[in-house]
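To keep things clear, I will list the structure first and then write my remarks on it.
From a predicted model like this one, the values you see are computed outputs, not experimental measurements.
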Amino acid sequence: MTDTPDTPRGFTVRRAILAILGFQVGMAVVLAGSDLIGAIPQLLSGPNAPALDAPVAPGDQVRRFRPGDLPGRERLSPDRQTPIPDPGDMPSRLRFSAEGETALVTGDISPGDADRFTEWLTGAENVTTIRLHSPGGSVTDALIIGAALREADLNTVMEDGDICLSACPYILAGGVMRTVPDEAMVGVHQHYFGESTALPAFLAVEDIQRGQADVMAHLDAMGVDVRVMQHALSTPPEAIYVLLPEELVEYRMVYDPSEEDATSE
């Protein structure tokens with residue numbers, strides 16, 4: 001390239017492109033840094049919401065959520081034979097234990113638990129009902145487990161004091177009949193999808209959108225009203241939206257096929 005009177009010495013198209021790219025990278029770092037600085041107080045103190053064990057009421061249903069530090073849930077009928085672990089002392093992976101026709105599935109949902117569960121389910125021939133008590137975990141595994149329950153024509157149930165939070169409701173949705181008493185707790189929130197948190201922004205958004213599409217497709221296939229996702233998408237991961245009993249019925253998270261058959265006759 002030859003210089004002209006209107007072109008500064010050493011100024012080339014390549015240098016111009018590099019300068020523009022450098023400026024863009026610098027702006028991205030500044031914006032990311034400002035977002036991080038703004039988020040630090042929330043990261044340290046958590047969302048401005050009551051603790052998870054605080055009573056909920058219509059319009060006041062968002063609670064702080066830390067899976068590793070969940071408060072204990074009082075059991076209203078302590079004489080029941082099936083023990084449940086304190087939410088703050090959950091197994092780090094799902095644990096399956098069958099008593100007659102009911103199996104207790106409890107603990108964190110970890111990657112790989114779907115394979116473990118489906119393998120266990122093949123040998124649980126007498127089980128007709130899955131009782132859930134879990135703070136959630138891997139969304140992908142929860143979706144697979146929920147679909148496996150529906151394929152096996154099993155019911156899902158919770159009892160007083162049980163919790164089903166985060167990804168756990170996607171397992172709950174897999175039951176043909178879904179039973180949740182008023183003193184159990186079902187909650188939803190935003191999820192992380194994928195294993196890397198250092199993806200470029202456009203790839204991270206694509207990953208999240210694909211994951212949310214999978215969740216909504218699963219809920220729709222299970223007969224659950226996908227409007228429940230409006231609460232999940234508006235609640236950050238460090239909080240949980242606790243669904244009221246009437247919302248569980250409205251969104252068909254609680255469902256009895258026999259009642260629907262009776263109304264259609």
Which residues share a side-chain contact (heavy atoms from CB on, under 4.5 Å) with [X], sequence neighbours left out:
X    : result
L154 : L121, I130, L149, A152
A54  : P50, R63
L244 : V56, P58, Q61, E246, E247
M177 : N155, T179, D256, P257

Q. Who passes side-chain hydrogen bond (donor to acceptor under 3.5 Å, both in side chains) against D214, sequence neighbours left out?
A. none
Q.
Test of understanding: with side-chain hydrogen bond (donor to acceptor under 3.5 Å, both in side chains), list the residues that count as partners of S166, not counting sequence neighbours.
A.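 For S166 the side-chain hydrogen bond (donor to acceptor under 3.5 Å, both in side chains) partners, ignoring immediate neighbours, are H189.
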Q. With sequence neighbours excluded, what pairs up with E101 under the salt bridge (charged side-chain N to carboxylate O under 4.0 Å, His left out) test?
A. none
Q | Contacts of D220 that satisfy salt bridge (charged side-chain N to carboxylate O under 4.0 Å, His left out) - sequence neighbours left out | A | none
Q. Which pairs with one or both residues in residues 140-168 pass ring pair (Phe, Tyr, Trp, His ring centres under 6.0 Å), sequence neighbours excluded?
A.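 Found none.
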Q) What pairs of residues pass the salt bridge (Lys or Arg N to Asp or Glu O under 4.0 Å) test when at least one of them lies in residues 133-154, not counting sequence neighbours? A) none
Q | Pairs meeting criterion salt bridge (Lys or Arg N to Asp or Glu O under 4.0 Å) with involvement of residues 116-125, two or more places apart | A |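 Counting only pairs at least two positions apart or across chains, the salt bridge (Lys or Arg N to Asp or Glu O under 4.0 Å) contacts touching residues 116-125 are D113-R116.
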Q.
If the condition is ring-ring contact (aromatic ring centres under 6.0 Å, His included), which residues does Y251 pass it with, not counting sequence neighbours?
A. H231
